[in-house]
Amino acid sequence: MKVTEHIKKAKGKTLFSFEIIPPQKGKNIQALYNNIDPLMEFKPPFIDVTTSREEHIYIEKKGLLDLKITRMRPGTLGICAAIKHKYDVDTIPHVLCGGFTKEETEYLLIDCHYLGIDNVMALRGDSMRHEQYFKATNGGHKYAIDLVHQIQNLNKGTYLHDVTDVDDKSDFCIGVAGYPEKHIESPSLQTDLKRLKEKIDKGADYVVTQMFFDNKKYFDFVAAAREIGITVPIIPGIKPISVKRHLQLLPQVFKIDLPEVLIAEIEKCNNNKEVRQVGIEWSIQQSKELLAAEVPLLHYYSMGKSDNIKAIAKEVF
Ligand code: FAD
């Protein structure tokens, strides 16, 4: 079922969902299931599965470094299919511009359609680690909006190169990313919102936000989005802080601010067990306030671990 239909069916009740990352190449999928199992009691209508970009690795061979390109966490679509089958839940693969040609994207979308996947998250992806800026893959898309356009074309039965005799069409519901504290590359929040509106106008059906730790940022973002005519659901993304290093890492990677009170609480902690508890309590407080504001859904970034998400969900749902 489409995300928008799940939201409609819930009739104002806030739903619970989460995002997982595929295991590293060579690791057993059971560990992933062990982290999903405890969260199923909260009845997520869907689970998102992230996609990792390819990366450069150097392998030492007879004293020389050999450059190879590899994807360290492959398997997004396979995991979507496996989880859909195992738990009877909708799964949402993240589809990226970076690292894929338009043709590869088309094949991926056709696989999604055959697997009965109704939703896809259309994202640009980040630059490769060794690159300072995002560069479009040869034959790939530059912005997420171009991906939304390709998916919408497929929904209309328009394939690439227009050589297909079509008697079956996909009907993907499309999610896109939104940034309450603006995307790192955007010159201003208002410009970023304009870009978001363009993605919606091109056919995206809902927005999932980047993590934020101050609900006011989300409320202001939604108000500003509504003001420029964005009417689709805007789903808040919540991440519980779990290690002290997040204090530097999260602002650096995601260009987000952390509230002073939260920073002070984390700095007082003697170990990461205490940090984890602070992170859980902060997320509970955030979630309860968002729930009271009747957000359609609370979407948690699990980063492959479920114990903290379960502790939060138990208090909130
Ligand atoms: P876009 O919407 O293309 O925007 C990228 C930048 O370009 C923005 O600054 C925007 O303002 C600007 N822009 C857009 N259109 C134009 C235009 N026409 N001209 C000039 N500027 C423009 N990354 C992964 O690698 N894998 C994942 O699974 C993944 N999942 C994510 C899930 C969520 C909910 C979120 C919020 C992010 C996720 N990301 C993921 C990260 C995401 O790929 C990065 O944040 C990426 O840098 C931007 O992606 P986007 O889809 O927002 O890009």
Side-chain angles (χ1 to χ4, degrees), residues 3 17-23 46-55 71-77 79-80 91-100 105 108 112 119-129 131-137 140-151 174-213 217-218 221 224-225 228 230 232-239 250-256 297-304:
V3 166
S17 72
F18 60 96
E19 173 183 296
I20 54 169
I21 50 176
F46 59 84
I47 299 172
D48 273 60
V49 185
T50 64
T51 295
S52 310
R53 275 208 71 164
E54 76 282 23
E55 51 192 274
R71 219 172 267 277
M72 292 308 286
R73 293 178 183 272
T76 299
L77 190 57
I79 291 169
C80 282
T91 48
I92 307 184
H94 289 191
V95 181
L96 302 184
C97 302
F100 296 89
T105 297
L108 176 72
C112 289
N119 306 276
V120 291
M121 199 55 198
L123 300 146
R124 190 195 69 178
D126 285 319
S127 56
M128 284 179 77
R129 266 190 211 161
E131 289 173 350
Q132 206 174 356
Y133 301 104
F134 178 86
K135 281 194 204 122
T137 298
H141 294 298
K142 196 170 176 193
Y143 295 112
I145 188 173
D146 307 319
L147 194 50
V148 172
H149 186 54
Q150 182 178 5
I151 301 166
I174 306 171
V176 289
Y179 302 84
E181 297 176 64
K182 98 173 178 64
H183 183 256
I184 190 162
E185 294 160 32
S186 191
S188 74
L189 184 57
Q190 208 51 40
T191 307
D192 206 27
L193 269 165
K194 212 173 84 191
R195 301 299 182 198
L196 179 61
K197 171 88 165 42
E198 287 165 4
K199 290 194 277 192
I200 310 295
D201 291 347
K202 197 53 96 179
D205 299 286
Y206 68 98
V207 177
V208 182
T209 76
Q210 183 59 278
M211 64 184 74
F212 55 89
F213 294 89
K217 300 259 168 73
Y218 169 81
F221 177 70
I228 61 164
I230 295 175
V232 300
I234 301 179
I235 296 169
I238 310 280
K239 175 174 167 48
L250 299 180
Q252 188 191 343
V253 176
F254 301 109
K255 175 126 194 354
I256 47 166
L297 202 142
L298 288 165
H299 185 69
Y300 293 90
Y301 295 111
S302 83
M303 307 300 205

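Positions are given from 1, in the same order as the sequence printed here. First listed ligand is number 1; within each ligand, the first listed atom is number 1. Below, all heavy atoms of this structure are taken into account, side chains as well, without hydrogens, waters or symmetry copies.
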#### Entry: Side-chain donor-acceptor contact under 3.5 Å, S186 with T191
no
### Message
Under 4.0 Å, heavy-atom basis, I'd like to know which part of F134 is in contact with ligand 1: side chain, backbone, both or neither.
### Response
neither
### Query
Considering only protein heavy atoms, which is closest to atom 41 (C) of ligand 1, and at what distance to one decimal place?
D126 OD2, 4.2 Å
### Task
Using a 4.0 Å heavy-atom threshold (strictly under), name the region of K199 that reaches ligand 1: side chain, backbone, both or neither.
side chain
### Query
Any N/O of T51 closer than 3.5 Å to an N/O of ligand 1?
yes
## Note on the structure
Per-atom filter on ligand 1: closer than 4.0 angstrom to a heavy atom of S186 are 9 (O), 11 (O)
### Query
Below 3.5 angstrom, do we get any N/O pair linking E19 and ligand 1?
no
### Task
For ligand 1, indicate whether the residue Y301 contacts it via side chain, backbone, both or neither (heavy-atom separation under 4.0 Å).
side chain
### Message
Test of understanding: given a 4.0 Å heavy-atom threshold, classify the contact between L96 and ligand 1 as side chain, backbone, both, or neither.
### Response
side chain
### Message
Out of all atoms in ligand 1, which are within 4.0 Å of some heavy atom of H183? Include the element for each.
### Response
5 (C), 6 (C), 8 (C), 9 (O), 45 (O), 46 (C), 47 (O), 48 (C)
### Backbone N/O of G98 and side chain of T137: donor-acceptor pair under 3.5 Å
no
### Task
Give yes or no for whether the N/O distance cutoff of 3.5 Å, strictly under, is met between Q210 and ligand 1.
no
#### Entry: Contact atoms of ligand 1, heavy-atom distance to V208 under 4.0 Å
34 (C)
### Task
Output the distance between atom NZ (K202) and atom CD (Q150), rounded to the nearest 0.5 Å.
12.5 Å
### Query
In the protein, which heavy atom is nearest to atom 7 (O) of ligand 1, and how far is it?
Y143 CE2, 3.5 Å
### Message
Under 4.0 Å between a side-chain nitrogen and a carboxylate oxygen: does that hold for R124 and E185?
### Response
yes
### Task
Flag S52 as yes when one of its N or O atoms lies below 3.5 Å from any N or O atom of ligand 1, and as no otherwise.
no
### Task
Note the single closest protein heavy atom to atom 23 (N) of ligand 1, along with its residue, its atom name and the distance in Å.
G125 CA, 4.2 Å
### Task
Check whether any protein heavy atom sits under 4.0 Å from atom 4 (O) of ligand 1.
no
### Query
What about A144: any of its N or O atoms under 3.5 Å from an N or O on ligand 1?
yes
